[in-house]
*Asks:* 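The following block contains the structure, expressed as structure tokens.
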Amino acid sequence: AKQALAQQQGAAAQTQAEVNQLQEQLKQQRDQLTQAFSGQLNQVSQQLTAQKQAVADSQALVAELQQQNNRLKSDILTNQEKVQALTAQVTADRESIGWLSGEN
């Protein structure tokens with residue numbers, strides 16, 4: 001009976017050692033997966049930050065180009081007014097020296 005009890009206790013100890021080993025393996029695997037997932041999350045976060053910056057840069061460029069476009073439109077309108085004024089002046093000058101408008 002003592003021998004059977006000793007065998008059972010030995011088997012129980014071996015089983016407990018196997019359970020402990022499996023628990024340690026699970027912990028290591030969980031830690032590895034956690035580290036890998038954390039690394040991937042950091043990488044994705046960095047990519048998103050870079051993309052947000054690229055979008056902000058693009059928006060700033062679009063705003064700058066819109067301002068340039070507005071300035072150029074204003075310049076065009078100013079130049080058209082100058083052309084009209086000069087055309088009127090040339091017409092007036094021609095008439096003042098006896099040329100009719102449209103004749104050379």
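Values below: every heavy atom of this structure, side chains too, minus hydrogens, waters and symmetry copies. We number each residue from 1, following the sequence as shown.
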*Asks:* Compute whether any side-chain donor of one residue and acceptor of the other, for Gln89 and Asp93, lie under 3.5 angstrom apart.
*Replies:* yes
*Asks:* Measuring from Gln23:CD to Lys27:NZ, what's the distance to the nearest 0.5 Å?
*Replies:* 11.5 Å
*Asks:* Rounded to the nearest 0.5 Å, what's the gap from CG on Leu77 to CG on Leu72? Could you check?
*Replies:* 11.0 Å
*Asks:* Got more than 12 heavy atoms from elsewhere within 6.0 Å of CD, Gln3?
*Replies:* no
*Asks:* Between Gln16 and Asn20, is any side-chain donor less than 3.5 angstrom from a side-chain acceptor?
*Replies:* yes
*Asks:* Show your reasoning for whether side chain to side chain contact (heavy atoms under 4.5 Å, CB included) applies to Arg30 and Leu33.
*Replies:* CA-CA 5 Å; Arg30 186 172 46 243; Leu33 288 173; 5.8 Å; no
*Asks:* I need the Gln59 CD to Glu64 CD distance, nearest 0.5 Å.
*Replies:* 14.0 Å
*Asks:* Hey, mind stepping through Gln35 and Asp31 against side-chain hydrogen bond (donor to acceptor under 3.5 Å, both in side chains) and telling me if it holds?
*Replies:* CA-CA 6 Å; Gln35 286 179 343; Asp31 290 347; over 6 Å; no
*Asks:* Working to the nearest 0.5 angstrom, can you tell me the gap between Leu26 CG and Gln21 CD?
*Replies:* 11.0 Å
*Asks:* Looking at Asp57, Thr49, Val55, which hits side-chain contact (heavy atoms from CB on, under 4.5 Å) with Gln53?
*Replies:* Asp57
*Asks:* Can you tell whether the side chains of Arg71 and Asp75 come within less than 4.0 Å, N to carboxylate O?
*Replies:* no
*Asks:* Could you go through residues 4-13 and list every donor-acceptor pair under 3.5 Å that involves a side-chain atom there, pairing it with any protein atom two or more places apart or in another chain?
*Replies:*
none

*Asks:* Answer yes or no: is there a side-chain heavy-atom contact under 4.5 Å between Val44 and Leu48?
*Replies:* yes
*Asks:* From Gln47 CD over to Lys52 NZ, what is the distance, rounded to the nearest 0.5 angstrom?
*Replies:* 13.0 Å
*Asks:* What's the spacing between Gln40 CD and Ser45 OG if we round to 0.5 Å?
*Replies:* 13.5 Å
*Asks:* Evaluate the side-chain proximity of Asn42 to Ser38: yes if any heavy-atom separation is below 4.5 Å, no if none is.
*Replies:* yes
